[in-house]
There are 2 protein chains.
Amino acid sequence: MADGGLSIGQVAQRTGLSVHTLRLYEREGLLASEVRRDGSGRRVYSAWDVEWLANCVKFRASGMPLTTISRLAQLVRAGSGNEAERLELLRAHQRHITEQVAQLRDCLDLINVKVASYERHLTAGASGDPWHQQRPPAPQEHRIDGA
Amino acid sequence: MADGGLSIGQVAQRTGLSVHTLRLYEREGLLASEVRRDGSGRRVYSAWDVEWLANCVKFRASGMPLTTISRLAQLVRAGSGNEAERLELLRAHQRHITEQVAQLRDCLDLINVKVASYERHLTAGASGDPWHQQRPPAPQEHRIDGA
DNA sequence: CTAGATGCTAGACCGAGGTCTAGGTCAACG
DNA sequence: CGTTGACCTAGACCTCGGTCTAGCATCTAG
């Protein structure tokens, strides 16, 4: 392939997406630049396309829905003049990620406690089911609702 | 409701799940103890059930599939003797979360770069599209005239 | 007593995000 | 030449995790 263009198969290999998914993404408007085609209608991806797709993969992995990526792509495709909107979109996702990290840490705390508890249980011999420990009148943690 | 038993609606309120979802979770075997019923067949949740559900919510929020929660619930329901398996399951999810956090950080890095770049762009006046830094969209026309 | 919440079950429906198939084109290889 | 493999489109199909409806029973307040 001249000029560094890549076939869909090659792009699949280096993005980790399936060729099916690549075509889906294109249909859904996730690409920020139209994919070229060769003489017989086959897709030819530029290095820039691949780079963009790699970003898409990260966005997806961090929970950005296809529609949002599509909107971003649309803005980029539209060219200059909408930078503020792109920035807003990115900031929103930034916040979303931060929130996710907080939730993950929250769950991780819980799991760490349970894991430690089971490890104790297993190495020290049975001392009661860690998941059925009676909770004596406990210090009010973040109770969901006072009641 | 005597002895602190809660109705499904009350549980929905304090777990943030819908009553539909609560019934779904029960059908799918996510509950580690069978929910009691009152005289006329209505569910009566114990404080422990609610606590367990709150954990389920965290598990879900951290990407644990229903089937996995179900398996964990099943183990807990089965009682002592399978602690090693529970621990294994928890450790697997621990790893999964850690991996997710890494991915999120990875995406966050990317976004931070882009955000910074757009901020510069916007405050300092247009200086080129931050998303087209390396490769201007020079889509060299796909040949339409014969070869 | 009656209305209006709230609950019950069974099962249909939905959106997101893929994944796969059918049927066809094309280029290269032995 | 025929076959093989990568590619094309259109569209069906699938899983996951809910969400909602129908039709009925029960509780509670006025």
Side-chain angles (χ1 to χ4, degrees), chain A residues 1-2 5-31 34-46 49-50 53 55-73 93 96 100 103 107, chain B residues 1-2 5-31 34-45 49-50 53 55-73 93 96 100 103 107 142-143 147:
Chain A
M1 286 251 182
L6 295 173
S7 72
I8 195 171
Q10 291 173 312
V11 173
Q13 267 185 289
R14 48 206 87 180
T15 58
L17 299 166
S18 72
V19 297
H20 302 289
T21 301
L22 282 170
R23 291 193 276 244
L24 171 69
Y25 281 9
E26 186 177 334
R27 268 202 305 285
E28 298 296 317
L30 269 68
L31 298 186
E34 202 156 340
V35 185
R36 278 177 296 144
R37 301 295 183 120
D38 70 6
S40 51
R42 300 184 170 197
R43 289 169 180 83
V44 178
Y45 294 82
S46 69
D49 290 327
V50 176
L53 280 166
N55 291 346
C56 290
V57 168
K58 289 190 185 181
F59 291 152
R60 285 294 303 124
S62 59
M64 185 183 283
L66 295 191
T67 55
T68 304
I69 303 181
S70 174
R71 196 157 85 85
L72 180 58
H93 193 55
H96 180 57
Q100 277 184 88
Q103 284 188 318
C107 181
Chain B
M1 286 245 183
L6 295 173
S7 72
I8 195 171
Q10 292 173 311
V11 173
Q13 267 184 291
R14 46 206 87 182
T15 57
L17 299 166
S18 72
V19 297
H20 303 289
T21 301
L22 282 170
R23 292 193 277 244
L24 171 70
Y25 281 9
E26 186 178 334
R27 269 204 304 285
E28 298 296 317
L30 268 67
L31 298 186
E34 204 156 337
V35 185
R36 279 178 295 146
R37 300 295 183 121
D38 70 7
S40 52
R42 301 186 169 196
R43 290 169 181 83
V44 178
Y45 294 82
D49 289 328
V50 176
L53 279 166
N55 291 345
C56 289
V57 168
K58 289 189 185 182
F59 291 151
R60 284 295 302 124
S62 59
M64 186 184 282
L66 296 189
T67 53
T68 305
I69 304 181
S70 175
R71 196 156 83 85
L72 180 58
H93 193 56
H96 181 57
Q100 277 183 89
Q103 283 189 318
C107 182
H142 25 265
R143 60 253 246 310

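Please read these numbers as outputs of a predicted model, since none were measured by experiment. All values below come from the heavy atoms of this structure, side chains included, with hydrogens, waters and symmetry mates left out. So that the names make sense, note that chain A is the first sequence line, chain B the second, and so on, each numbered from 1.
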Any chance you could list the contact pattern along nucleotides 2-15 of chain C? Use B for base contacts, S for sugar-phosphate-only contacts and - for none, protein heavy atoms under 4.0 Å, 5' to 3'.
----BSSB------
Output yes when a side-chain donor or acceptor of T15(B) lies under 3.5 Å from a complementary backbone atom of V11(B), and no otherwise.
yes
From CG of L24(A) over to P of dC13(D), roughly how many Å is that when rounded to an integer?
18 Å
Starting from P on dG17(C), measure out to OH on Y25(A) and report it in whole angstrom.
8 Å
Under 4.0 Å between a side-chain N or O of R60(A) and OP1 or OP2 of dA16(C)?
no
Residues in salt bridge (charged side-chain N to carboxylate O under 4.0 Å, His left out) with R14(A), at least two apart?
none
Pair R42(A)-R37(A), side chain to side chain contact (heavy atoms under 4.5 Å, CB included): steps then yes or no
CA-CA 5 Å; R42(A) 300 184 170 197; R37(A) 301 295 183 120; over 6 Å; no
Can you tell whether the side chains of E28(B) and R60(B) come within less than 4.0 Å, N to carboxylate O?
no
Which of H93(A), H96(A), K58(A) passes side chain to side chain contact (heavy atoms under 4.5 Å, CB included) with M64(A)? It is H93(A)
Determine the sole option in R27(B), E26(B), H20(B) for which the side chain to side chain contact (heavy atoms under 4.5 Å, CB included) test with L24(B) is passed.
R27(B)
Tell me whether the OP1 or OP2 atom of dG17(C) has a side-chain N or O from T21(A) closer than 4.0 Å.
no
Could you state the atom-to-atom distance from CG of L66(B) to C1' of dT15(D) in whole Å?
12 Å
Quickly work out the L17(A) CG to dC20(C) C1' distance and round it to whole Å.
17 Å
Please give, in whole Å, the distance from dA6(D) C1' to L6(A) CG?
15 Å
Contacts of G39(B) and T67(B) projected onto DNA chain D by closest heavy atom; the upstream (5') one is T67(B)
